[in-house]
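What follows is a set of notes on a single structure, which appears directly below.
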2 protein chains.
Amino acid sequence: MLSIGELSRRTGVKIPTIRYYEQMGLIDAPERSQGNQRRYTSEGVNRLSFIRHSRDLGFSIENIKGLLELSQHPEKPCHDAHSIAVQHLEDVQGRIAKLRRLERELKRISKCDAGNIADCAVIETLADHGLCETEH
Amino acid sequence: MLSIGELSRRTGVKIPTIRYYEQMGLIDAPERSQGNQRRYTSEGVNRLSFIRHSRDLGFSIENIKGLLELSQHPEKPCHDAHSIAVQHLEDVQGRIAKLRRLERELKRISKCDAGNIADCAVIETLADHGLCETEH
DNA sequence: ATAATGTCTCTAGTAACTATAGCTTCAAGA
DNA sequence: TCTTGAAGCTATAGTTACTAGAGACATTAT
């Protein structure tokens, strides 16, 4: 049986975050010690690792709830799990495209070596959208 | 003199967001009509465009406050504006790198065509971090 | 036994908005 | 001039995914 601190160390999820996940219904309320402290099993470690990993990949808590539910029913078709993943992939690709446009513009404006604000490309570019190289 | 709705249309910033920016001190409280409605000038359009553009580029409201303050003092050296932009550029590049690793993994796991959850790569991958191709 | 560390609950705060309710004002047509 | 419908007002609360703090209690090591 692991304390919450031990669980935190093993999964890399911070203690308040573990309690938060419990509150949100992502993980079951665990057994308690005589002194009312949470005590986890290795099952708890697995489930929390799953959550941690999914969060790292950017899935929302709602998505993770769905994925966890699916993983609980190995007999079901995995169509839903895929549609969550594919949808997320599209979202990620969109974000990458947006960030790369942004990167190009930031690179451009941060090259400025003017002595004062009056002719500083950073301020100028931000003030006048028309100067942008790309749409956003 | 523009109403808040007109300002919203011209800048692409939603009405509640404009009021929020006023509350946050990003824009000055404008004049009011006799009936207490906000009335903006073209100066207001410029300032809000600057903010909109900066937000699109991902600057935080705190950063924008700094940038706005700098833009108000054209005689100052623009070193600070650059350091904000450069720092932001680094952040953006970090996010891109992370998202691309994520994209690779999502592509991989969403290719799965298993019939049921038991051998579905999405669930399997999420459950076992060790299966990942990349670190995250 | 005692000290140090860990854990408990509860509340409130974070960023950057968004939504709702219930009211008032404005502009245009009859 | 009256009316009606769109637009605007304030204030409050909700969103996401946590994070921080206070003050009390539990566990562990010496």
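Quick note on labels: first sequence line is chain A, next is B, and so on, each numbered from 1. All values below come from the heavy atoms of this structure, side chains included, with hydrogens, waters and symmetry mates left out. Note that this is a predicted model, so its numbers are computed, not measured.
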Nearest nucleotide by nearest heavy atom, which residue falls closer to the 5' end of DNA chain C, G35(B) or Y20(B)? Y20(B)
Nearest whole Å is fine: how far is dG8(D) C1' from E31(B) CD? 17 Å
Atom CZ of R39(B) and atom CZ of R32(B): how far apart are they, to the nearest 0.5 Å? 10.0 Å
Given atom CG of L48(B) and atom C1' of dA16(C), what is their separation to the nearest angstrom? 15 Å
dT16(D), OP1 or OP2 - any side-chain N/O from S60(A) closer than 4.0 Å? no
Nearest to the side chain of N36(A), which nucleotide is it out of dC8(C), dA17(D), dT18(C)? dC8(C)
Under 4.0 Å between a side-chain nitrogen and a carboxylate oxygen: does that hold for K65(B) and E69(B)? no
Round to a whole Å and report the spacing from CZ of R9(A) to C1' of dT5(C). 11 Å
To the nearest 0.5 Å, atom CD of E62(A) lies from atom CE of M24(A) at 10.0 Å
Taking OP1 and OP2 of dT9(C), is either one under 4.0 Å from a side-chain nitrogen or oxygen of R19(A)? no
Between dT10(D), dA17(D), dT7(C), which nucleotide has the shortest distance from any of its atoms to the side chain of R55(A)? dA17(D)
Should R38(A) and E31(A) count as an ion pair when the cut-off is N to O under 4.0 Å? no
Quickly work out the L7(A) CG to dT7(C) P distance and round it to whole Å. 10 Å
Less than 4.0 angstrom between a side-chain N/O of R38(A) and OP1 or OP2 of dT7(C), yes or no? no
Just verifying a value: how many Å separate Y40(A) OH and D28(A) CG, rounded to the nearest 0.5 Å? 10.5 Å
With respect to the phosphate group of dT10(D), does any side-chain polar atom (N or O) of R32(B) fall under 4.0 Å of OP1 or OP2? yes
Can you tell me if R52(B) touches the phosphate of dC17(C), counting only side-chain N or O atoms and a distance under 4.0 Å to OP1 or OP2? no
Whole-Å distance, Q23(B) CD to dA13(D) P, equals 14 Å
Could you tell me the separation between the CZ atom of F59(B) and the P atom of dA15(C), rounded to a whole number of Å? 18 Å
Would you mind telling me which of dT19(D), dT18(C), dC8(C) lies closest to the side-chain atoms of Q37(A)? dC8(C)
Working to the nearest 0.5 Å, report the span between NE2 of H53(A) and OG1 of T11(A). 13.5 Å
Looking at K14(A), I'd like to know whether one of its side-chain N or O atoms comes within less than 4.0 Å of OP1 or OP2 on dT19(D). yes
Closest to the side chain of I61(A), out of dC8(C), dA17(D), dG8(D), is dA17(D)
Calculate the interatomic distance between I15(A) atom CD1 and dG6(C) atom P; express it in whole Å. 8 Å
Considering only dT18(C), dG8(D), dC8(C), which nucleotide approaches the side chain of T17(B) most closely? dT18(C)
Residue closer to the 5' end of DNA chain D, Y21(A) versus S33(A) (nearest nucleotide): Y21(A)
Distance check needed: dA17(D) C1' versus L26(A) CG, whole Å only. 11 Å
